[in-house]
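Shown next, in structure tokens, is the structure this report addresses.
Bear in mind that the values here come from a model prediction, so they are computed numbers and not experimental data.
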Amino acid sequence: MSSLSDKKVIGLTGTMGSGKSTIRKLLSDRLAAIDCDELSARLLEPGNKGYESLKEAGMLYVDPNGFQDKQKTAELVFSNPKYKKQYEGILHPLILEEMDEWANRQTEDCVIEVPLLFELNLQDRFDETWTVTASEPVALARTKQNRHIDIEQQLARRKHQMPDSLKIELADRVITNDGSLNDLKAQLDVLLEKLHS
């Protein structure tokens with residue numbers, strides 16, 4: 001993906017509650033950083049490619065102001081695996097196109113948070129992949145506090161997600177996020193030092 005030999009493009013991923021967004025925000029003080037969810041949100045704004053393509057396919061509910069009705073769209077998408085596949089088949093290539101264009105515009109090291117990095121087999125798009133892990137009790141408590149998703153719902157979702165053990169096996173670098181913010185910053189310092197070693 002890098003157009004400059006000394007530029008590194010990092011793919012950052014991790015399971016729900018691991019703290020990957022916190023890490024991206026910490027890294028953004030030192031590197032250009034973006035989240036694929038941000039790219040998706042932009043694509044789903046009225047008039048943009050994702051919005052228009054999904055609307056044309058009859059897969060987008062809109063509110064009275066013309067913006068995506070996220071709840072109704074989610075109900076449609078998750079009610080039927082066929083709809084989900086079709087929805088993702090339209091949106092994911094557009095997100096990847098935006099992601100690649102953003103990375104190619106960067107002139108220094110950069111990081112992209114990609115929740116489904118390994119699930120979508122995107123490793124080859126990055127110079128390094130970093131996965132964030134947290135023990136299940138910590139991740140569950142963190143998600144309940146920050147995203148208000150109850151434990152039962154989280155456990156149900158986890159059954160459909162790639163396990164941490166496999167992400168650790170696939171990643172170039174692993175960040176353990178069970179400790180304090182200072183512990184996390186220390187790990188990131190080490191990883192950034194190793195980036196060009």
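Sorted by first and then second residue, the salt bridge (Lys or Arg N to Asp or Glu O under 4.0 Å) pairs involving residues 182-197 (not counting sequence neighbours) are Arg30-Asp189. Under the side-chain hydrogen bond (donor to acceptor under 3.5 Å, both in side chains) criterion, the residue pairs touching residues 130-141 are Glu128-Trp130, Ser135-Asp178, with sequence neighbours excluded.
Minimum interatomic distance between Gly50 and Leu91 (heavy atoms only, all atoms of both residues): CA-CD1, 4.3 Å. The two atoms that bring Leu96 and Leu122 nearest to each other are CD2-CD1, 3.6 Å, heavy atoms only. Minimum heavy-atom separation, Ser53 to Leu94: OG-CD1, 4.3 Å. In this structure, Asn80 and Lys82 approach most closely via the heavy-atom pair OD1-N, 2.7 Å. The minimum heavy-atom distance linking Met16 with Ala139 is given by the pair O-CB, 3.8 Å. In plain terms, the two heavy atoms of Gln68 and Tyr51 that are nearest each other are N-CE1, 4.2 Å.
Under the rule for a side chain to side chain contact (heavy atoms under 4.5 Å, CB included), the partners of Glu119 that lie at least two apart in sequence or sit in another chain are Leu116, Met162, Lys167. Shown here are the side-chain hydrogen bond (donor to acceptor under 3.5 Å, both in side chains) partners of Lys49, two or more places apart in sequence or in another chain: Glu97. Remark: Ser21 engages Glu113 in a side-chain hydrogen bond (donor to acceptor under 3.5 Å, both in side chains) (not counting sequence neighbours). Not counting sequence neighbours, Asp37 has no partner by the side-chain hydrogen bond (donor to acceptor under 3.5 Å, both in side chains) test. Among residues two or more places apart in sequence or in another chain, the salt bridge (Lys or Arg N to Asp or Glu O under 4.0 Å) test is passed with Asp35 by Arg24. Every residue was checked against the side-chain hydrogen bond (donor to acceptor under 3.5 Å, both in side chains) condition with Thr73, not counting sequence neighbours, and none meets it. Not counting sequence neighbours, Pro93 has no partner by the side chain to side chain contact (heavy atoms under 4.5 Å, CB included) test. Applying the side chain to side chain contact (heavy atoms under 4.5 Å, CB included) rule to Lys84 yields the partners Val77, Phe78, Glu88; only residues at least two apart in sequence or on another chain are considered.
Looking only at distances, a side-chain donor or acceptor of Lys20 sits under 3.5 Å from a matching main-chain atom of Gly14. A side-chain donor-acceptor contact under 3.5 Å links Ser18 to the backbone of Thr15. Counting only distance, with no hydrogens or angles, the side chain of Lys8 and the backbone of Cys110 share no donor-acceptor pair below 3.5 Å. At distances below 3.5 Å, not a single donor-acceptor pair connects side-chain atoms of Glu169 with backbone N or O atoms of Ser165.
Counting heavy atoms from C-beta on, the side chains of Thr129 and Leu170 never come closer than 4.5 Å. Counting heavy atoms from C-beta on, the side chains of Glu108 and Leu31 never come closer than 4.5 Å. At least one side-chain heavy atom of Leu26 sits under 4.5 Å from a side-chain heavy atom of Leu181.
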Taking distance alone, no hydrogens or angles, what donor-acceptor pairs closer than 3.5 Å link side-chain atoms of residues 41-48 to residues at least two apart or in another chain?
unit_1, atom_1, unit_2, atom_2, d
Asn48, ND2, Arg42, O, 2.5

Using distance only, find each side-chain donor-acceptor pair of residues 54-66 under 3.5 Å and give its atom names and separation, not counting sequence neighbours.
unit_1, atom_1, unit_2, atom_2, d
Asp63, OD1, Asn65, N, 2.9
Asp63, OD1, Gly66, N, 3.0
Asp63, OD1, Phe67, N, 2.9

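Between Phe126 and the options Thr13, Ile112, Leu12, Ile10, a side chain to side chain contact (heavy atoms under 4.5 Å, CB included) holds for only Ile112.
Rounded to the nearest 0.5 angstrom, Arg105 CZ and Asp100 CG are separated by 11.0 Å. The line from SG of Cys36 to CD1 of Ile95 is 6.5 Å long, rounded to the nearest 0.5 Å. With rounding to the nearest 0.5 Å, the separation of CG in Leu27 from CG in Leu192 is 6.0 Å. We find the CD-CD distance between Glu101 and Glu98 to be 5.5 Å, quoted to the nearest 0.5 Å. Going from atom CZ of Arg173 over to atom CD of Gln187 covers 12.5 Å, rounded to the nearest 0.5 Å.
By the criterion of side-chain heavy atoms lying less than 4.5 angstrom apart, applied directly or through intervening Ile, Leu, Val, Met, Phe, Trp or Tyr residues, Leu120 is grouped together with Leu117 in one hydrophobic cluster. Leu39 and Val111 fall into different hydrophobic clusters, defined by Ile, Leu, Val, Met, Phe, Trp and Tyr side-chain heavy atoms under 4.5 Å apart, directly or through other members. Hydrophobic clustering of Ile, Leu, Val, Met, Phe, Trp and Tyr side chains at less than 4.5 Å, counting indirect connections, unites Ile23 with Leu195.
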